[in-house]
Amino acid sequence: MDACVKQRDYTAKDYKSDVKPIWCPGCGDYSVLAAITRALASMQLAPENVAVVSGIGCSSRIPAYTSVYGFHGVHGRALPVATGLKIARPDLTVLVTGGDGDGFSIGGNHFLHACRRNVDLTYIVMDNQVYGMTKGQASPTTEPDWEGSKLTPDGAGIESFHPLVVALAAGANFIARCSSSDPNNVADIITQAIRHPGFSLVQVLSPCVTFRPEQQEWKHMVRTAVVDVTDDAARAARRLMTDDGFNVGKVLYKGDRPAYQPEPKGAAAVADLEADFAL
Amino acid sequence: MSGQTVSLVMAGSGGAGVVTAGSLLLEAAARAGWYAYMTRSAGPQIRGGEAAVMLRLGTEPIASHDDRFHLLVGVDWQNVGRFAAEIPLGPDSLIIGDPGEGETPEVFTRSGAQQIALPMKALAKKVPDGRPNMVAFGAIAAMIGLTEDIVAGVLRDTLKRKGEEAIAASLAAFRAGVEAAADFPDVPRLPAGKPDTAERWSITGNEATGMGALRGGVRFVAAYPITPATEVLEWLAPALPKVGGVLVQAEDELASINQIIGGSYGGVPSLTATSGPGLALMTESLGLAVAAEVPIVVIDVMRVGPSTGIATKSEQADLNVAVYGLHGDAPHLVLAPNSVADCLFTTQWAVHLAESLQTPAIVLTDQAMGQARAVMPRSAAVSFIGQREKPAALEAGVQYKRYANTASGVSPMAIPGMAGGMYTADGLEHNETGTPSSQASDHQAQLDKRLRKLTGYNYGEHWADITGDEDADTAILTWGSSAGPAREALQRLRAAGHRVKLVAVRLISPVQPEKFAAALEGVERVLVVEQSHSGQFHRYLRAQYDLPRQVRALHHPGPLPVRPGAIVEHITQWS
Ligand SMILES: Cc1ncc(C[n+]2csc(CCOP(=O)(O)OP(=O)(O)O)c2C)c(N)n1
Ligand code: SF4
């Protein structure tokens, strides 16, 4: 980098592309996008050194709406793409964005292993308890008695998935929940998540106004969690197990397990390896 | 196979040490200046169970097994009969068995082979810590003309860590075998004392694949274990870090391929290795790599399918999934090495092509080739190094077009970290800047471009290995490990006065119609040889190329390999 050139001050606008979102008016994802660009500006990260990776879903459209490096892959596989990118390029700041269906259903196994592997990624899940993009089916976080989907007219009938508890059990070291109705708080939490070395999970309650219009009430239902961040996993587990899902605005658990970043050991020439085979 | 060869099998139950003895024999033969080819067969047990090592030794490089084995040595016969189909014998063959270890199974004696008794266990007992497998080794060495000084050197080097006593015990048991074989009948003896001084390697196909990846510039590997591809990864795991790369064991194949897509998007040439079931899981993301134009290499070490099939045995039946398995119109590269040595070249070339064309390349090797060990001439260095076109200059204020519709179809690819090159790689259809688009014109333009970059590229002469008579009237068309026996059949046919040529196709896709037509000019009939039940390669050729009017297909499923004699017979009877 040229040291003589004065570093410019980035504003949130510098991280936004001019591609117009396909989202419905009022979708919670708009403010998550705004929060991400604000977080990046608050950290003054050079846009070329940031990558946003996603899978498929309404929320997974975020990369195209940013002007950092982006990767919009296939359904459920954002975490592996981001894992490979970060391991191959540890110098980059890598964010992963997506929905509850993408992350916890089709991508469930990767979610477990990303928590466990602890590569330095920031995973932002826009949880709307529904599959928005495919027009309103039950997702893993949907309540069992929700009858709004033609696929499950009598309700999904199965217990909803508790991503934060599962993340804790799988070894995640940074667990936070916030609400898209408070974009400043989301930006603040994302900033903390990026600063945290290792995998960090940020669940954002982000209403789908089209297929779950009742979620517009969420902004009145959420409450700032009255807890401090803990590094005691057992306490965090108790707290998350009994929590109703509307305690937001806080990092709920933060551990200090070292991040996973395999280091190449040497700089031998490939020809040196031929000795293995020579007779 | 020109020159002289001898083919032998050592078999026995788990713990009999046939694999150890076979490996020592291979090493000793290599030091004697010979070339070698060794495959292994194991029962379904995870550890232990019956095992057989099949060796062919000769004065020239060897790429396949012969029609029959000269010598079968059963250290014991427990369950060894299960390998009968893989161990063809004839009236000229010899079977050595230990009379104390029971009768030679009828499946072997039926061949009419001459039987010889060698009390391996009893002779081994006379030596402190002596083992029957070393007695067998001694007998074989004496019969084929391998001298004790060479074997002693090999034992000293390989048993160093076990100490002097172990070396002495092995040598004593070996000598007992040599003495006992003094009046055994002859098998072909290889000329002693004329070592070939050319630099040689002892290498397996899977190791050669790993080496080819490194030579091509691969520095990131993510994969999930599966037989028989795991050995590619086991070789790469310690090798990669030495040259500045890393290997990650992923949680499954979906993760493996997406991790390497991420690594490659980050600018690091990346690869994964798997076998049929894993390749099937990867097909959705192969399509992503096609659409997003991310170079990756997927090694598929084929095994018997469908489903989990027979994990430890070979077949060439993943051609269809490799070529046609992707959804949508998804042009990509499919390549196939045609020998152990070629695993290195083809993998290196695949990395080069994937990087140059920014697209996925599938390399189809197989269990037979991957797990075979060859003593072969050192692989010459070739200059293929992954070359990815990057944007020359990125100007502030000028929109970078990641998917620019260039004449060649290849668009310069910015790498994260490059200021001004920010774009979103997308599996959704997109326009030239990468913005998602559902317009027919963008779809058409991007489809055209992705196809053009593959079909317009000059692959040179590497698309196939062509050998034999220029004015041949008959051609053998084959691919992968079936090329080994086909090469040997070609030599026998030519020696018998036939005008034949062999076309071993290395670049399966995209097709090369002009080069193919030129290669078959003047050819009146072709025999298509492969190891699949339905004749996948034959059907593929028929669908993609103009073939001469007379076409016959010789194909059978795994795990039995194609034998040179079967090809010779097919062609000589086709008159
Ligand atoms: C392999 C595969 N299966 C199914 C789909 C269809 N699909 C697209 S998005 C989606 C669900 C998205 O839900 P979620 O991740 O919650 O995101 P949202 O749209 O609600 O933001 C599904 C099932 C697909 N694209 N790929
Ligand atoms: S369908 Fe729901 S999640 Fe998708 S854009 Fe519309 S409001 Fe947002």
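Here is how names work: the chains are called A, B, and so on, in the same order as the sequence lines, proteins then strands, and each is numbered from 1.
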Asker: What class does the angle between the rings of B/W201 and A/F277 fall in, given that below 30° is parallel, 30 to 60° is tilted and above 60° is perpendicular?
Answerer: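 Tilted, since the angle between the ring planes falls between 30° and 60°.
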
Asker: Check whether any side-chain heavy atom of A/H110 lies under 4.5 Å from a side-chain heavy atom of B/N258, and answer yes or no.
Answerer: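 No, every pair of side-chain atoms sits at 4.5 Å or beyond.
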
Asker: On a heavy-atom basis, which atom in A/P262 and which in B/V246 lie closest, and how many Å separate them?
Answerer: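 So the minimum-distance heavy-atom pair works out to O-CG1, 3.7 Å.
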
Asker: If you count the non-hydrogen atoms of other residues, nucleotides and ligands that lie under 6.0 Å from OH in B/Y224, is the total more than 12?
Answerer: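 No.
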
Asker: To the closest 0.5 Å, what do you measure between NE2 (A/H72) and NE2 (B/H430)?
Answerer: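 If we round to the nearest 0.5 Å, A/H72:NE2 and B/H430:NE2 are 12.0 Å apart.
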
Asker: State, to 0.1 Å, how close B/M422 and A/P47 come at their nearest heavy-atom pair, and which atoms those are.
Answerer: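 Taking every non-hydrogen atom into account, CE-CB, 3.8 Å.
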
Asker: Are the side chain of A/Y69 and the backbone N or O of B/Y423 linked by a donor-acceptor pair below 3.5 Å?
Answerer: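 It does not hold such a pair.
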
Asker: Examine whether an atom of A/A267 lies under 4.5 Å from a heavy atom of chain B, and if so say whether it belongs to the side chain, the backbone or both; otherwise answer neither.
Answerer: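 For A/A267, the backbone is the part near chain B, not the side chain.
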
Asker: If I take atom CD1 from residue A/I87 and atom CD1 from residue B/I260, how far apart are they, to the nearest 0.5 angstrom?
Answerer: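 That separation rounds to 13.0 Å.
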
Asker: Does the side chain of A/R61 come within less than 4.5 Å of B/L428's, by heavy atoms?
Answerer: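 Yes, close enough: below the 4.5 Å cut-off.
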
Asker: Quick check: do A/Y65 and B/T424 have side-chain heavy atoms less than 4.5 Å from each other?
Answerer: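 Sidechains of B/T424 and A/Y65: no contact.
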
Asker: Is it the side chain or the backbone of A/L279 that comes within 4.5 Å of chain B heavy atoms, both, or neither?
Answerer: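 When you check distances to chain B, atoms from both the backbone and side chain of A/L279 fall under 4.5 Å.
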
Asker: If you take all heavy atoms of A/R117 and B/E251, which pair is closest and at what distance?
Answerer: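 Looking at all heavy atoms of both residues, the closest pair is NH2-OE1, 2.8 Å.
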
Asker: Tell me, out of B/A292, B/A222, B/G421, who's got the most heavy-atom pairs with chain A below 4.5 Å.
Answerer: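 Going by pairs under 4.5 Å, I would pick B/G421.
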
Asker: Under a 4.5 Å cutoff for heavy-atom pairs, which residue among B/G244, B/P436, B/G427 has the most contacts with chain A?
Answerer: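 Between B/G244, B/P436, B/G427, the count favours B/G244.
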
Asker: Is any side-chain heavy atom of B/Q259 closer than 4.5 Å to one of A/K86?
Answerer: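 No, every pair of side-chain atoms sits at 4.5 Å or beyond.
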
Asker: Between B/D252, B/V248, B/L240, B/L247, which has the largest tally of heavy atom pairs under 4.5 Å with chain A?
Answerer: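 That would be B/D252.
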
Asker: Distance from A/L273 atom CG to B/W235 atom CH2, nearest 0.5 Å?
Answerer: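 Rounded to the nearest 0.5 Å, the CG-CH2 separation comes to 5.0 Å.
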
Asker: Heavy atoms, side chains only, cut-off 4.5 Å: are A/R89 and B/I415 in contact?
Answerer: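 A/R89 vs B/I415: side chains touch.
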
Asker: Regarding B/R378 and A/E274, does a basic nitrogen lie under 4.0 Å from an acidic carboxylate oxygen?
Answerer: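 So B/R378 pairs with A/E274 through a salt bridge.
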
Asker: With a 4.5 angstrom heavy-atom cut-off, could you sort out which part of A/A78 is near chain B: side chain, backbone, both or neither?
Answerer: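 Neither part.
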
Asker: Please indicate whether B/R388 has more than 12 foreign heavy atoms, meaning atoms of other residues, nucleotides or ligands, lying under 6.0 Å from its CZ.
Answerer: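 More than 12 heavy atoms, drawn from other residues, nucleotides or ligands, come within 6.0 Å of this atom.
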
Asker: Quick one: what part of B/L254 sits under 4.5 Å from any heavy atom of chain A, side chain, backbone, both or neither?
Answerer: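 Contact with chain A involves both backbone and side-chain atoms of B/L254.
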
Asker: For the side-chain contact (heavy atoms from CB on, under 4.5 Å) test, which of B/I261, B/I257, B/L288 pairs with A/V74?
Answerer: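 Exactly one option meets the side-chain contact (heavy atoms from CB on, under 4.5 Å) with A/V74, and it is B/L288.
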
Asker: Please classify the contact between B/S202 and chain A as side chain, backbone, both or neither, with a heavy-atom cut-off of under 4.5 Å.
Answerer: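 Both backbone and side chain of B/S202 come within 4.5 Å of chain A.
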
Asker: Any idea which heavy atoms bring B/L214 and A/V270 closest together, and the distance?
Answerer: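 That would be O-CG2, 3.7 Å.
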
Asker: Looking at every non-hydrogen atom in both residues, tell me the closest pair between B/G266 and A/L85 and how far apart they are.
Answerer: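 Looking at all heavy atoms of both residues, the shortest contact is CA-CD1, 3.4 Å.
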
Asker: Can you confirm whether B/V294 sits close enough to A/F71 that some side-chain heavy atom of one is under 4.5 Å from a side-chain heavy atom of the other?
Answerer: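 The answer is yes, as the side chains (C-beta and beyond) meet within the 4.5 Å cut-off.
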
Asker: Does any heavy atom of chain A fall under 4.5 Å from the side chain of B/F220, the backbone, both, or neither of them?
Answerer: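 Just its side chain gets close to chain A.
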
Asker: Looking only at heavy atoms and a cut-off of under 4.5 Å, which of B/G417, B/G245, B/G263 has the most pairs with chain A?
Answerer: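 Between B/G417, B/G245, B/G263, the count favours B/G417.
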
Asker: Does A/D272 reach the side chain of B/K242, with side-chain heavy atoms less than 4.5 Å apart?
Answerer: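 When only atoms from C-beta onward are counted, B/K242 and A/D272 do not touch, as no gap falls below 4.5 Å.
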
Asker: For B/V243, is it the side chain, the backbone, both or neither that has a heavy atom under 4.5 Å from a heavy atom of chain A?
Answerer: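 Contact with chain A involves both backbone and side-chain atoms of B/V243.
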
Asker: What part of B/R215 is in contact with chain A, defined as an atom under 4.5 angstrom from a non-hydrogen atom: side chain, backbone, both or neither?
Answerer: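 B/R215 touches chain A through backbone and side-chain heavy atoms alike.
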
